[in-house]
**Q** 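Input: one structure, supplied below.
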Amino acid sequence: MNLALAPRPSLVTLEADEAFVTLDGVTKVFGHGKSVMTALESVTLDMSKGEFVCILGASGCGKSTLLSLVAGLDNPTSGTIEIADGRPAVMFQEPALLPWLTVRRNVELPMRIHKLDAAQRNLTTNRLLSMVGLMDFADHRPHQLSGGMRQRCALARALAQDSELLLMDEPFAALDAITRDQLHDDLNRIWQETGKTIIFVTHNVREAVRLGDRVVLMTPRPGRIAQIWDVEITRPRELDSFEVSGLASEITARLRAGGAPSDATQ
Amino acid sequence: MQRSRLRRILHGAWPRLLAIGILVGIWQLLVVIGVSTPGGLPLPGPGDTLAEMGYLIHIGVLLPALAQTLERAAIGYALALGVGTLVGLAVVRVPVLRAGVGSLLAGLQSLPSVVWVPIAVLFLSFGGQVENAMYFVVIMGAFPSIAMGVMSAYDNIPPLTFNLARSMGARGPHFYRHFVFSAALPGYVAGMKQAWAFSWRSLMAAELIIGSVASSGLGPILDDGRNLLDVPEMFAAVVTILIVGVAVNDLIFAPMERGLLRRRGLAPA
Ligand SMILES: Nc1ncnc2c1ncn2[C@@H]1O[C@H](COP(=O)(O)OP(=O)(O)O)[C@@H](O)[C@H]1O
Ligand SMILES: [Mg+2]
């Protein structure tokens, strides 16, 4: 049974026939000899352009590994990954702002690297800073920001890379519930405004249901796709709405059945 | 703004002033007790030493000697900085060098650089010129700190920084300029700070040993005092050497390091 080839959600109409990201039998093995560890096993998944896919799983089931393979930071042991358009932008699990740069400089960095001229850089940076609501903090340094602001800044910087595909590795895991809720709203809005294709990794079931067009559940040792749900709840979604809770408990039940650690279900 | 800054500096200075006060107090106490050399020369007190410094300045000895020594220190330090940076970069960039040279550097650093003085004088003092020999001793004393600073600075860059650079597609000069240099800067500056202490020590050892034979400087004043049994002169030299060592650290390296760390949120504002 290949659940990865389940029909795409109705929300996505853009070039629905042509996959934007294709993972085919992706396997990743770490170490050798006695310490072999299969982090991912035959992960097959297609994503279309503009789709928001949430990868859900307990810690240790290979989510970060999967993202770093898609990001091109590491190579799969076997299988192929194809991305229709260039290099993806990444928002890492740890806050990855450069501490010696101001918020503005951090956001500008990808554009400096890609040699955009100053006028265009400024324009884009201002637009992104107001999009994530950090205009008033442009000249602050990362250590002067709250956790939520840091992640907003990291999001703006990822968007500054002007890549169609955005990879997010548990970006809100370390935030308090209230801040996380705001960021969910913002991310949902920004995704709708920008039309990016997003792969969002999380261990939080409700977060996955709230944000994703599809939720891909993974089980550990080896990391595999257990099941995929199409989420057809209308946006914007409320975290504690009846529909979100309903699907979340269905997924949680499946998670428990899979023998995954219960701390993943929060 | 200026005013509050001044106040902050004064506020930060009082523990230091207290420490100096205690030190001077103990010193004065020893004088009062009547400490002297076996030969009966009395220990000069803080006041005597200060007066001797004034006298040495007045007769035009101390300041030119200080200038001469500072010039040697600056040139020697700059050379050590260059050599140390190049060696550090080579070790970081060339894997074969790392294992061998890394431990050699640690060894060199623990070798008191004063041992190089006789050899340096023998090989490098052309026509009675001892400057080159002194530079050599300073370089040998200070460059290992710089090179090891480069190494540890590079090694302590978090792997995440490299991944971030790669995910942004930063390569070549961009990679070094935007990521490596800035990330490594605090470690490098820590190495620079340590290297200053080493180069100052090395220079004083070299000046003292090479002595007044062919040169002027703070070391030769000390040597001169020894030869003439002029104890206040010796104390004046020691106090000047101490003041310079502390002042360079406090006015140049410490603010540099503090500024860097503060901007990164790693030190109190
Ligand atoms: N570089 C690596 N070397 C060896 N094992 C690794 C490496 N990266 C990840 N792993 C292992 O692969 C498994 C999946 O890790 P990861 O992808 O970080 O999981 P998740 O992000 O879902 O928590 C873990 O058991 C982890 O120990
Ligand atoms: Mg992870």
Side-chain angles (χ1 to χ4, degrees), chain A residues 64-65 67-75 83 85-103 105-116 139-147 149-150 153-154 156-163 165-169 199, chain B residues 1 4-5 8 85 88-89 92 149-150 152-193 252-269:
Chain A
S64 295
T65 305
L67 274 202
S68 75
L69 294 178
V70 177
L73 298 174
D74 201 353
N75 295 313
I83 301 167
D85 168 67
R87 176 190 294 279
V90 189
M91 233 180 118
F92 289 95
Q93 187 164 4
E94 304 87 355
L97 300 175
L98 299 180
W100 56 88
L101 296 179
T102 60
V103 166
R105 285 296 193 122
N106 264 289
V107 174
E108 260 184 4
L109 188 58
M111 295 183 273
R112 278 179 189 277
I113 288 167
H114 295 108
K115 299 198 176 70
L116 266 69
D139 297 320
H140 284 53
R141 287 177 197 279
H143 69 92
Q144 298 168 309
L145 303 180
S146 68
M149 288 176 179
R150 281 179 209 173
C153 181
R157 188 180 60 192
L159 294 171
Q161 234 170 299
D162 199 28
S163 157
L165 179 60
L166 177 55
L167 309 178
M168 306 177 79
D169 193 354
I199 304 182
Chain B
M1 168 77 212
S4 76
R5 202 185 147 150
R8 212 171 55 216
T85 305
L89 288 178
V92 163
V150 171
S152 76
Y154 185 83
D155 291 344
N156 286 326
I157 299 176
L160 185 64
T161 305
F162 291 109
N163 276 341
L164 188 66
R166 280 180 67 197
S167 80
M168 286 190 195
R171 258 184 280 260
H174 275 305
F175 173 59
Y176 284 97
R177 195 173 125 223
H178 293 299
F179 295 89
V180 175
F181 289 156
S182 306
L185 205 53
Y188 186 60
V189 169
M192 284 174 71
K193 190 171 145 183
I252 300 177
F253 293 106
M256 201 148 101
E257 193 174 41
R258 210 173 329 117
L260 264 178
L261 295 182
R262 189 183 302 152
R263 248 172 287 141
R264 290 157 199 242
L266 297 171

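In the text below, chain A, chain B and the rest are named by the order of the sequence lines, each starting its count at 1.
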**Q** Partners of A:H140 by ring pair (Phe, Tyr, Trp, His ring centres under 6.0 Å), sequence neighbours excluded?
**A** A:F137
**Q** Mind checking which of residues 173-182 of chain B sit less than 4.5 Å from chain A, heavy atom to heavy atom?
**A** B:H174, B:H178, B:F179, B:S182
**Q** If I take atom CZ from residue B:R263 and atom CD from residue A:Q144, how far apart are they, to the nearest 0.5 angstrom?
**A** 12.0 Å
**Q** Between B:M168 and A:P110, which heavy-atom pair has the shortest distance, and what is it?
**A** SD-CG, 4.0 Å
**Q** Tell me, do B:N163 and A:F92 make a side-chain contact under 4.5 Å, heavy atoms counted?
**A** yes
**Q** Provide the closest heavy-atom pair for A:A96 versus B:L160 in the form atom of the first, atom of the second, distance.
**A** CB-CD2, 3.7 Å
**Q** Among the options A:P99, A:S68, A:A71, A:A158, pick out the one with the most heavy-atom pairs lying under 4.5 Å from chain B.
**A** A:P99
**Q** What closest approach, in Å, do B:R166 and A:R87 show between heavy atoms, and which atom pair accounts for it?
**A** O-NH1, 2.8 Å
**Q** Heavy-atom distance under 4.5 Å to chain B: side chain of A:R157, backbone, both or neither?
**A** side chain
**Q** Is chain B contacted by the side chain of A:P88, its backbone, both, or neither, given a heavy-atom distance below 4.5 Å?
**A** backbone
**Q** Which one, A:V90, A:I113, A:D74, leads in non-hydrogen pairs under 4.5 Å with chain B?
**A** A:I113
**Q** Hey, are the side chains of A:H143 and B:R264 touching, using non-hydrogen atoms and a 4.5 Å cut-off?
**A** no
**Q** Counting only non-hydrogen atoms closer than 4.5 Å, does B:A183 touch chain A with its backbone (N, CA, C, O), its side chain (CB onward), both, or neither?
**A** both
**Q** Does atom CZ of A:R112 have more than 12 heavy-atom neighbours from other groups under 6.0 Å away?
**A** yes
**Q** Is a donor on one side and an acceptor on the other found under 3.5 Å between the side chain of A:Q161 and the backbone of B:G169?
**A** no
